[in-house]
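Written below as structure tokens is the structure these notes are about.
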2 protein chains.
Amino acid sequence: MLTAEESRQIAAVSTRRHVSPGTELMSALNLHESCVALLRGVVKISRLLTDGRQQIVSLKAAPDLLGSPFAPPGEVSVRAVTEAEIYCVPRPALESIVLQNRVLEHRLHLRALEDLSEAEALLLTLGRKTARERIATFLLDMAGRFRSAELGKRCDCGLAISEPGVVDLPLTRAEIGDFLGLTFETVSRQFAALRKDGLIEFTDARRVSVKDRTRLRVAAGC
Amino acid sequence: MLTAEESRQIAAVSTRRHVSPGTELMSALNLHESCVALLRGVVKISRLLTDGRQQIVSLKAAPDLLGSPFAPPGEVSVRAVTEAEIYCVPRPALESIVLQNRVLEHRLHLRALEDLSEAEALLLTLGRKTARERIATFLLDMAGRFRSAELGKRCDCGLAISEPGVVDLPLTRAEIGDFLGLTFETVSRQFAALRKDGLIEFTDARRVSVKDRTRLRVAAGC
DNA sequence: CGAACTCTTGAGTGGGATCAAATGACGTGG
DNA sequence: CCACGTCATTTGATCCCACTCAAGAGTTCG
């Protein structure tokens, strides 16, 4: 995403941090003062209601940039899901780098449009799909993003051996619920139902194997 | 949004159209061949499931630009909600204009980030709010966007006399349901409940008056 | 070993969906 | 002008999916 020169400029003004699961990466205070370059790990971006209900609006896996130097204010929480390595970049510094580099701004623009498209897909899921459809949709999404490292070792191209389709879920059942607008009990029950129907299999609670991708796609409702 | 010169450039390569409510503005065929400048009226952008379920992901009121010359492919439907006046702009033409104008691309970038923020707010609504909270949230949103023309005549600034708060809803009950992930019966019932509780009043089915903005905000759940 | 999590599973409830009917507004054509 | 069809809306009755409450097992960690 960045050239060596750009990376150097950014690193020069940033602070590197290692964070554990659950750590809030941006407090409400510094949210508009810095962006975060995600070097390793997975983070969740959530919107909150005052009574504690929350909705995960986006999952980000390294390498990626969280926040935008131009993003409008918004009440979001950013927390590590796994162990993670990050750079905290002062917003003004990032802004000036981006404003000096047309191509870089164009790339950020494209990424914002992709994020928007992803958010719209999730809107369809939350607004119109059943619990079973949401879980199936989620599994297909995760299968495209978190293929297990065991099989398809070091195969960087996305088109690895897809039949074994083993996925390492980075989220707890409760987090999956917060992502899909469900309770963790419903998530657990729908996983059990898909397993009983032979669409998936679990080696343990966090490792799923997709047994029948075609039927899983049907179960996802499109 | 655009300078006179930019508008002229765009108009030169565009075709103007008047469309009636319900008209599809972009078929699946030309969706990636053109963008739409909305001059008058309101349109809805929806995502569809094969069995007919749909989710409105965004409402756009004139003046605005629909689609982006850089947007990734996505299965969306764009339909007029009210009578509308539009320019259809060939995508390559718009793309070249934007690529020649840094400031213009920056503005499109900012708009994409605002759209993303709006989409995230809707995600919270669809994922975590009750029917009553969704309707209250929707009314507050509409009150900020579609203040009735009767009061506050020709007052372009958004800060008009807000107490009378009369709103002209551009959507049918079914469309409101497609926006909020509810059925039209539930929309109708929740409107009735808010009316019974004295938070709002109807002069007719499409014209709402906000009687108690404070309690409506509480009802919106934040 | 106990505390704190995570996950599963069961039982019962309730909010919103579904099915159904009636009303009113509107335009169209006889 | 009225009869008619269409569409938007409201309201009632019933159903069911997902939520809630609860219990227990498996884990990790101090």
Side-chain angles (χ1 to χ4, degrees), chain A residues 20-23 44 49 51-55 79-83 125-138 168-196 200-208 219 221, chain B residues 20-23 44 49 51-55 79-83 125-138 168-196 200-208 219 221:
Chain A
S20 301
T23 310
K44 56 181 177 182
L49 254 28
D51 62 6
R53 284 175 286 175
Q54 70 171 292
Q55 176 62 47
R79 282 181 187 275
V81 167
T82 63
E83 296 284 329
T125 298
L126 297 188
R128 290 307 187 194
K129 290 190 184 177
T130 64
R132 182 184 173 93
E133 288 169 335
R134 292 181 204 202
I135 293 292
T137 302
F138 172 76
D168 279 317
L169 300 177
L171 304 177
T172 66
R173 299 293 186 261
E175 287 171 325
I176 295 170
D178 287 338
F179 187 63
L180 296 175
L182 301 169
T183 60
F184 66 87
E185 296 99 325
T186 297
V187 172
S188 182
R189 273 187 257 266
Q190 293 299 334
F191 274 145
L194 290 176
R195 178 175 50 76
K196 190 167 70 64
I200 58 176
E201 243 173 35
F202 285 91
T203 63
D204 70 66
R206 297 295 193 91
R207 177 159 290 180
V208 205
Chain B
S20 301
T23 309
K44 57 180 175 180
L49 254 28
D51 61 7
R53 285 176 287 175
Q54 69 172 291
Q55 176 63 46
R79 281 181 188 274
V81 167
T82 63
E83 297 284 328
T125 298
L126 297 188
R128 290 307 186 193
K129 290 189 184 178
T130 64
R132 182 185 174 93
E133 288 169 335
R134 293 181 204 201
I135 293 291
T137 302
F138 172 76
D168 279 318
L169 300 176
L171 303 177
T172 66
R173 300 292 186 261
E175 286 171 326
I176 295 170
D178 286 337
F179 187 62
L180 297 175
L182 301 169
T183 61
F184 66 88
E185 295 99 324
T186 297
V187 172
S188 181
R189 273 186 256 265
Q190 294 298 335
F191 274 144
L194 290 176
R195 180 173 51 75
K196 190 167 69 65
I200 58 174
E201 245 174 35
F202 285 92
T203 62
D204 70 65
R206 296 295 192 94
R207 178 159 290 180
V208 204

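Sequence lines set the chain letters: A, B, ... in the order given, protein chains first and strands last, and positions in each chain run from 1. These numbers come from the heavy atoms of this one structure, side chains and all, not from hydrogens, waters or symmetry mates.
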Once base and sugar-phosphate atoms are separated, protein heavy atoms under 4.0 Å mark nucleotides 14-24 of chain D, 5' to 3', with B, S and - as ----SSBB---
Nearest whole angstrom, please: distance from the [atom2] of [N] to the [atom1] of [X].
X        : N      : atom1 : atom2 : answer
B:Asp204 : C:dT23 : CG    : C1'   : 16 Å
B:Leu194 : D:dT10 : CG    : P     : 12 Å
A:Phe191 : C:dC7  : CZ    : C1'   : 11 Å
A:Arg206 : D:dT27 : CZ    : C1'   : 12 Å

Does this structure show an ion pair linking B:Arg53 with B:Asp178, if we count only N-O contacts that are shorter than 4.0 Å? no
Does B:Asp204 come within less than 4.0 Å of B:Arg206, counting only side-chain N to carboxylate O? no
Any side-chain to backbone donor/acceptor pair from [X] onto [Y]? Under 3.5 Å, distance only.
X        : Y        : answer
B:Glu133 : B:Thr125 : no
B:Thr23  : B:Ser20  : yes
B:Glu175 : B:Thr172 : yes
A:Glu201 : A:Arg195 : no
B:Arg79  : B:Gly22  : yes
A:Arg207 : A:Asp168 : no

For the pair B:Phe191 and B:Thr186, evaluate side-chain contact (heavy atoms from CB on, under 4.5 Å) and give the outcome as yes or no after the intermediate values. CA-CA 9 Å; B:Phe191 274 144; B:Thr186 297; over 6 Å; no
Terminal axes of the helix from C:dC1-D:dG30 to C:dG30-D:dC1 (5 end pairs apiece), angle rounded to 10 degrees, sit apart by 30°
side-chain contact (heavy atoms from CB on, under 4.5 Å) between B:Thr137 and B:Arg134, intermediate numbers included: CA-CA 5 Å; B:Thr137 302; B:Arg134 293 181 204 201; 5.6 Å; no
Using a heavy-atom distance cut-off of less than 4.0 Å, which residues of residues 169-180 of chain B contact DNA chain C? none
